[in-house]
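One structure is given below, encoded as structure tokens.
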Protein chains: 2
Amino acid sequence: MYTSEQEEIALFAKVFGHPARVAILQQLFKIDACYCGDLSEEIGLAQPTISQHLKELKHLGLIKGNVEGTRVCYCIEPKNWTKMKKVLYQFLDQDIPKADCC
Amino acid sequence: MYTSEQEEIALFAKVFGHPARVAILQQLFKIDACYCGDLSEEIGLAQPTISQHLKELKHLGLIKGNVEGTRVCYCIEPKNWTKMKKVLYQFLDQDIPKADCC
DNA sequence: ATTATTAATCGTAATATTGCAATTAAACAA
DNA sequence: TTGTTTAATTGCAATATTACGATTAATAAT
């Protein structure tokens, strides 16, 4: 029904389609590494909710979590972030017709 | 709860979060202008479904539709597409820490 | 061993999304 | 006018997403 490219674009875009995940990622960029509980406090969502969003981001490979005792330190996974960017850029950067079409 | 920037990013990303809308946009880029019925046939979804997706894209200002008799010709709205790109790029292009963080 | 801390998982309610058949609306054609 | 064509709208069922309380799991501290 859809090309694998279309599916991939949609999958990546979907994960950014909720402000909580955008906020999580912005926080990880800002402070470089962060614990689940800190994100929960910073963003204002319950811990299980943050955990759930982190799981989705991790599943797509955009972040990784490192266990440090009882806590888990999350951060951006640079390689996959770059790969994701390439996929989305190819879609977003399509040539726009100069003249109005209709 | 969220910044207006986070909401805006999520709103734009969400519309790309479904392969049908990605397919519609790719088709509009490819053939420059297109009718609802043609999209329905090309993509393989019922006309009302396509119409619904077009509505969402139009609501965000990414496409526009021009009535031509009984048909409606849809195409990319270049200005808003560029504006949307700026918003998403600012988010996607955040500096990635060089060293592994955790 | 017991307790404390932190994150993951489970279960569930509320809400949102998706897809389509049926219908309506609008413009054109005869 | 009457029929034809095309897209929008409505109504609804199926599915997915989101949020969180309660619980569990894992490690650390005493």
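The chains referred to below are lettered A, B, ... by the order of the sequence lines, with proteins before strands, and numbering in each begins at 1. As the structure is a computational prediction, the values presented were derived from the model and not from experiment.
- Both B:T70 and A:C73 sit near DNA chain C, but only A:C73 has its closest nucleotide nearer the 5' end.
- Nucleic acid contact class of B:K14 (heavy atoms, under 4.0 Å, all strands): sugar-phosphate only.
- Heavy-atom distances to DNA chain D give each of A:G17 and A:V67 a nearest nucleotide, and the one nearer the 5′ end belongs to A:G17.
- Between B:Y74 and D:dA8 there is a side-chain polar atom (N or O) within less than 4.0 angstrom of OP1 or OP2.
- A:L25 has its side chain within reach of A:F16: a pair of non-hydrogen atoms, C-beta onward, lies under 4.5 Å apart.
- A ring-centre distance under 6.0 Å is not found for B:Y74 and B:Y35.
- Within residues 40-56 of chain B, the residues having any heavy atom closer than 4.0 Å to DNA chain D are, in order of number, B:Q47, B:P48, B:S51, B:K55.
- One interatomic measurement links the two molecules: CG of B:L57 to P of D:dA7, which rounds to 16 Å at whole-angstrom precision.
- Under the 6.0 Å cut-off for aromatic ring centres, A:F29 and A:W81 qualify, their centroids lying closer than that.
- Note: CZ (B:R71) to C1' (C:dA27) measures 12 Å, nearest angstrom.
- In this structure, the CG atom of B:L39 is 9 Å from the P atom of D:dA7, given to the nearest Å.
- Considering only side-chain atoms of B:R21, the nucleotide from D:dT18, C:dT18, D:dT6 that sits closest is C:dT18.
- Side chain of B:E41 to backbone of B:D38: no donor-acceptor contact under 3.5 angstrom is found.
- One can place CD of B:E68 at 19 Å from P of C:dA26, the figure rounded to the nearest angstrom.
- With hydrogens and angles left out, the side-chain atoms of B:Y89 and A:D93 include a donor and acceptor closer than 3.5 Å.
- Checking side-chain atoms of B:R21 against main-chain N and O of B:V15 turns up a donor-acceptor pair under 3.5 Å.
- Between the side chain of B:N80 and the main chain of B:L62, no donor-acceptor pair closer than 3.5 Å is present.
- OP1 or OP2 of C:dA16 has not a single side-chain nitrogen or oxygen of A:H18 nearer than 4.0 Å.
- Spacing between atom CG of B:N66 and atom P of D:dA8 amounts to 12 Å, rounded to whole angstrom units.
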